[in-house]
Number of protein chains: 2
Amino acid sequence: MQKPKDQLEVFKELLTRKGLKYTHERESIYEEVRAINHHFNADSLYERFKKRGERIARATVYRNLPLLLESGVVQKSAGNGKRDFYERTRTKGHHDHMVCLGCRKIIEFHSDELEQIQEQLSRKYKFKLVFHDHRLFGYCEKCQS
Amino acid sequence: MQKPKDQLEVFKELLTRKGLKYTHERESIYEEVRAINHHFNADSLYERFKKRGERIARATVYRNLPLLLESGVVQKSAGNGKRDFYERTRTKGHHDHMVCLGCRKIIEFHSDELEQIQEQLSRKYKFKLVFHDHRLFGYCEKCQS
DNA sequence: TCTCAATTGAGATTTAGTTTCAATAAGAAT
DNA sequence: ATTCTTATTGAAACTAAATCTCAATTGAGA
């Protein structure tokens, strides 16, 4: 278990590696997503800037979220199922989701075993795992009757 | 390990349970998806009917795929990432996907362990697991340089 | 057979995300 | 510090995918 690199560093490295630039907008977006504790989507993030009077285009938000995802700063989350939802990646507290087909309730879960097996599988296929999207669909306790 | 119920039965049971009807269209769609060996999406399925002259509305196809998903007749697949892709559920041969962020290559993988842990977790949360969506994103061997 | 809610078709509509393109800004090279 | 090249941005137009509308129809239980 090595000390995790600072997230901003990782983000900047990704940009450099891809020949991209660290713009003011990217800085703002980075800071904002790090400050949000719950899940969000591109539009709700955009609205936060708008509400506070910071002018960043909707398209810019949409354009940059994939980079934050790729650098691991944010991870996929399970919103209502349709849109792309995100949440910041925590060193502690990564989790996946169970989605109830009945009432749409979301149950968060985590399993180290699961994570380890994904790592194993990635090694087996010489795949460099960056992030994953893992959702279980079914019925919560209440909706099983 | 109990003998898996006939898929058509499961589908019909779902309909009954939900107070829905087994229409001609549903029958056609059921049969068609069972006959497709590769992955598909709502539109490509619709096109198959159209091409052969069977008139089923696009909306009907879209409307019914979620039911087939819920009954386990089809499962989510990983197409190009954007659309909802499906593939028929095989007793043998269930798999998940690794998606390369570089070249979009899809690697199929399967792990009994992974499946078992999902079952365990579902039991732990009293969740009745129906299907899951599990995709690993990262870089394939070629794209790591 | 009757009844009634579920279903369908066809097109309109919505939603989410992407593209366009001229103007601007990052940051490497000089 | 200045120049130069290329990525980036904003704003709105656009696209793709999926959903909705509503009148006509159909399934299946009474």
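Residue numbering restarts at 1 for every chain, and letters A, B, ... go by the order of the sequence lines.
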Chemist: Between C/dG17 atom P and A/Leu67 atom CG, what is the distance in whole Å?
Modeler: 16 Å
Chemist: Quick one: A/Phe49 CZ to D/dG10 P, roughly how many Å, whole number?
Modeler: 10 Å
Chemist: If an axis is fit to five pairs at each end of the helix from C/dT1-D/dA30 to C/dT30-D/dA1, what is the angle between the two, to the nearest 10°?
Modeler: 50°
Chemist: Indicate every side-chain donor-acceptor pair of residues 119-131 of chain A with a distance under 3.5 Å to a residue at least two apart or in another chain.
Modeler:
| from | atom 1 | to | atom 2 | distance (Å) |
| --- | --- | --- | --- | --- |
| A/Ser122 | OG | A/Gln118 | O | 2.8 |

Chemist: Round to the nearest Å and state the distance from B/Asp84 atom CG to D/dA18 atom C1'.
Modeler: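 Spelled out: CG on B/Asp84 to C1' on D/dA18 is 9 Å.
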Chemist: Dump the pairs, protein N or O against N or O of nucleotides 21-25 of chain D, anything under 3.5 Å, distances to one decimal.
Modeler:
| from | atom 1 | to | atom 2 | distance (Å) |
| --- | --- | --- | --- | --- |
| D/dT21 | O4 | B/Arg63 | NH1 | 3.3 |

Chemist: Look at B/Asp96 together with B/Arg135 and state whether they make a salt bridge at an N to O cut-off of under 4.0 Å.
Modeler: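 Here B/Asp96 does not pair with B/Arg135 in a salt bridge, since their nearest N and O are not under 4.0 Å apart.
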Chemist: The side chain of B/Asn64 is closest to which nucleotide in this list: D/dG10, C/dT8, C/dG17?
Modeler: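 Nearest to the side chain of B/Asn64 among the choices is C/dT8.
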Chemist: When you measure from the side chain of A/Ser44 to the backbone N and O of A/Phe40, does any donor-acceptor pair fall under 3.5 Å?
Modeler: no
Chemist: Could A/Arg58 and A/Asp43 be called an ion pair, given the rule that one side-chain N must be under 4.0 Å from one carboxylate O?
Modeler: yes
Chemist: Remember a base hit wins even if backbone is also touched, and classify A/Arg55 as base, sugar-phosphate or nothing at under 4.0 Å, heavy atoms.
Modeler: sugar-phosphate
Chemist: Could you check how far OH of A/Tyr46 sits from C1' of C/dA16, rounded to whole Å?
Modeler: 15 Å
Chemist: In this structure, how many angstroms lie between the P atom of C/dA10 and the OH atom of B/Tyr62, rounded?
Modeler: 16 Å
Chemist: Whole angstrom is fine here: how far is it from CZ in A/Phe85 over to C1' in C/dA16?
Modeler: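 For the pair A/Phe85 CZ and C/dA16 C1', the rounded distance is 11 Å.
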Chemist: Under 3.5 Å, is there a donor-acceptor pair linking the side chains of A/Glu115 and A/His94?
Modeler: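 There is such a pair between these side chains.
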Chemist: Quick one: which of B/Val33, B/Asn41, B/Leu45 gives a side-chain contact (heavy atoms from CB on, under 4.5 Å) with B/Val61?
Modeler: B/Leu45
Chemist: Is the distance between the ring centroids of B/His110 and B/His97 less than 6.0 Å?
Modeler: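 When the ring centroids of B/His110 and B/His97 are compared, they turn out to be at least 6.0 Å apart.
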Chemist: Which residues pass the side chain to side chain donor-acceptor pair (under 3.5 Å) test with B/Arg52, sequence neighbours left out?
Modeler: B/Glu32, B/Glu54
Chemist: Pull out every residue in residues 16-34 of chain B that has a heavy atom closer than 4.0 Å to any atom of DNA chain D, ordered by number, or say none.
Modeler: B/Lys21, B/Tyr22, B/His24
Chemist: Output all residues satisfying side chain to side chain donor-acceptor pair (under 3.5 Å) with B/Arg88, sequence neighbours left out; order by chain, then residue number.
Modeler: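 Residues passing side chain to side chain donor-acceptor pair (under 3.5 Å) with B/Arg88: B/Asn37.
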Chemist: Is the distance from OP1 or OP2 of C/dG17 to the nearest side-chain N or O of A/Arg83 less than 4.0 Å?
Modeler: yes
Chemist: Using every non-hydrogen atom in the two residues, find where B/Tyr86 and B/Val74 come nearest and quote the distance to one decimal.
Modeler: CD2-CG2, 4.0 Å
Chemist: How would you label the contact of A/Asn41 with the nucleic acid (heavy atoms, under 4.0 Å): base, sugar-phosphate, or nothing?
Modeler: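 Result for A/Asn41 = nothing.
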Chemist: Does a donor on one side chain and an acceptor on the other come within less than 3.5 Å for B/Gln75 and B/His95?
Modeler: no
